There are 2 protein chains.
Amino acid sequence: MHKYYTITELTREFGVSTRTLRFYEDEGLIHPERRGRTRLFKASDRRLIGEILRGRRLGFTIAEIREIIDIYKGPPGEIGQLELMMKRVAEKRDQLNQKRKDIEETLAELDNVDEACLARLAELRVGS
Amino acid sequence: MHKYYTITELTREFGVSTRTLRFYEDEGLIHPERRGRTRLFKASDRRLIGEILRGRRLGFTIAEIREIIDIYKGPPGEIGQLELMMKRVAEKRDQLNQKRKDIEETLAELDNVDEACLARLAELRVGS
DNA sequence: GATGACTTTTACGTAAAAGTCAATTTTTAG
DNA sequence: CTAAAAATTGACTTTTACGTAAAAGTCATC
């Protein structure tokens with residue numbers, strides 16, 4: 001029932017180094033169990049690593065990724081805390097929407113380049 | 001007709017420092033004109049800076065941004081070059097699509113958190 | 001009990017992307 | 001023309017996110 005992953009299994013799966021995963025632990029992003037000194041990663045740790053790396057691909061810093069992870073930890077009990085959290089969620093959403101807009105624009109420009117290339121190729125084949 | 005921007009105009013508009021723009025020039029990403037030693041930025045430089053910062057927001061490195069800029073420079077003449085460029089465009093597109101997927105997933109999770117917060121708030125108001 | 005594959009900690013190193021500071025110009029307003 | 005404001009260069013520093021090397025512990029297997 002309790003299947004554990006070793007550190008190298010995860011480094012292979014995610015294409016990162018052991019140093020990277022230890023670094024994330026030092027930074028308090030993950031908390032694998034220990035058997036003696038050896039780290040034991042559970043399925044939940046594995047999921048979390050996936051989320052961290054997703055944030056990394058999006059260009060978030062460790063601090064920003066930490067914020068996202070804190071958000072995932074689920075809603076707290078107190079009203080003030082809840083409202084604070086919803087504000088944070090809204091901020092992250094804004095950042096992500098900005099990034100999405102950036103992506104759409106860049107993709108659109110790449111489409112133009114692509115078309116220009118195709119047009120030029122067509123010209124060349126006919127013999128300019 | 002030839003409206004020039006000063007460096008500080010652009011730093012204010014884009015929210016970056018002069019050092020940043022000088023850095024981009026050192027890196028060969030932009031090539032503002034000079035009157036004496038002073039940099040003069042044209043509309044095209046301004047557009048380019050916008051594109052650079054867009055790449056930066058997406059977490060691309062300077063090297064990757066340079067690649068994108070090179071792509072924008074327009075299609076070259078030779079067939080081999082054209083095909084190479086289309087390959088590069090395809091690669092960038094893949095990267096961007098991955099990022100977009102990452103964004104959608106993260107947004108979806110934030111939606112869940114948001115709903116959980118709202119639900120919890122509703123509970124609290126009724127009196128749990 | 002030796003081998004080999006993994007893993008650990010500690011600690012220094014490094015590349016990328018600016019920030020900061022100081023010492024000059026240069027430009028612009030009056 | 002001149003003082004203030006803006007811009008320049010160069011050198012040095014900082015932060016982030018790991019890389020890398022050393023030295024030693026762990027564990028399965030032959």
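Quick note: numbers below take in every heavy atom, side chains included, and nothing from hydrogens, waters or symmetry partners. Predicted, not measured: the structure shown is a model, and the values here were computed from it. Just so we're on the same page: letters track the sequence lines, and every chain starts at 1.
- Listed pair Thr6(A) / dC6(C) fails the phosphate criterion, with no side-chain N or O lying under 4.0 Å from OP1 or OP2.
- Between the CD atom of Glu9(B) and the P atom of dA6(D) there is a distance of 12 Å, given to the nearest Å.
- To the nearest angstrom, P of dA18(C) lies 9 Å from CD of Glu27(B).
- Taking Leu40(B) as the reference, Tyr4(B), Glu33(B), Arg35(B) meet the side chain to side chain contact (heavy atoms under 4.5 Å, CB included) condition, with sequence neighbours excluded.
- A residue-by-residue look at Arg37(B) and Arg12(A) shows that Arg12(A) has its nearest nucleotide of DNA chain C further toward the 5' end.
- Atom-to-atom, OH of Tyr5(A) to C1' of dT7(C) comes out at 19 Å; the value is rounded to the nearest Å.
- Between the P atom of dC6(C) and the CZ atom of Arg22(A) lies a distance of 13 Å, rounded to the nearest Å.
- For the pair Ile62(A) and Leu40(B), nearest-nucleotide mapping onto DNA chain D gives the more 5' position to Leu40(B).
- Comment: Arg88(B) does not engage Asp70(B) in a salt bridge, judged by the lack of any side-chain N to carboxylate O separation of less than 4.0 angstrom.
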Cut-off 3.5 Å, no hydrogens considered: what does the side-chain donor-acceptor table look like for residues 16-24 of chain A, sequence neighbours left out?
| residue | atom | partner | partner atom | Å |
| --- | --- | --- | --- | --- |
| Ser17(A) | OG | Arg19(A) | N | 3.4 |
| Ser17(A) | OG | Thr20(A) | N | 3.1 |
| Ser17(A) | OG | Thr20(A) | OG1 | 3.0 |
| Thr18(A) | OG1 | Arg22(A) | NH1 | 3.3 |

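- Under 3.5 Å, the side chain of Arg19(A) and the base of dG19(D) form at least one donor-acceptor pair of N or O atoms.
- Phosphate proximity of dA18(C) to Arg56(B): present, with a side-chain N or O under 4.0 Å from OP1 or OP2.
- Following rounding to the nearest Å, Ile65(A) (CD1) and dA17(D) (C1') show an atom-to-atom distance of 10 Å.
- Salt bridge absent: Arg54(B) and Asp102(A) never bring a charged side-chain N and a carboxylate O closer than 4.0 Å.
- OP1 or OP2 of dG19(C) lies within a sub-4.0 Å distance of a side-chain N or O belonging to Thr20(B).
- By the 6.0 Å contact criterion, CZ on Arg12(B) is open, its count of non-hydrogen atoms from other residues, nucleotides or ligands being 12 or less.
- OP1 or OP2 of dT9(C) lies within a sub-4.0 Å distance of a side-chain N or O belonging to Arg34(A).
- Mapping Thr38(B) and Thr61(B) onto DNA chain C by nearest heavy atom places Thr61(B) closer to the 5' end of the strand.
- Residue Tyr24(B) has a polar side-chain atom (N or O) positioned under 4.0 Å from OP1 or OP2 of dA18(C).
- One atom, CZ of Phe60(A), and another, C1' of dC18(D), lie 20 Å apart when rounded to the nearest Å.
- Distance, Arg66(B) CZ to dA16(C) C1': 12 Å, rounded to whole Å.
- Look at Arg39(A) and you won't find any side-chain N or O under 4.0 angstrom from OP1 or OP2 of dC6(C).
- Here Thr8(B) does not reach the OP1 or OP2 of dA6(D): none of its side-chain N or O atoms lies under 4.0 Å away.
- Thr18(A) has no side-chain polar atom (N or O) that falls below the 4.0 Å cut-off from OP1 or OP2 of dC6(C).
- dA17(D) atom C1' lies 12 Å from atom CG of Leu29(A), rounded to whole Å.
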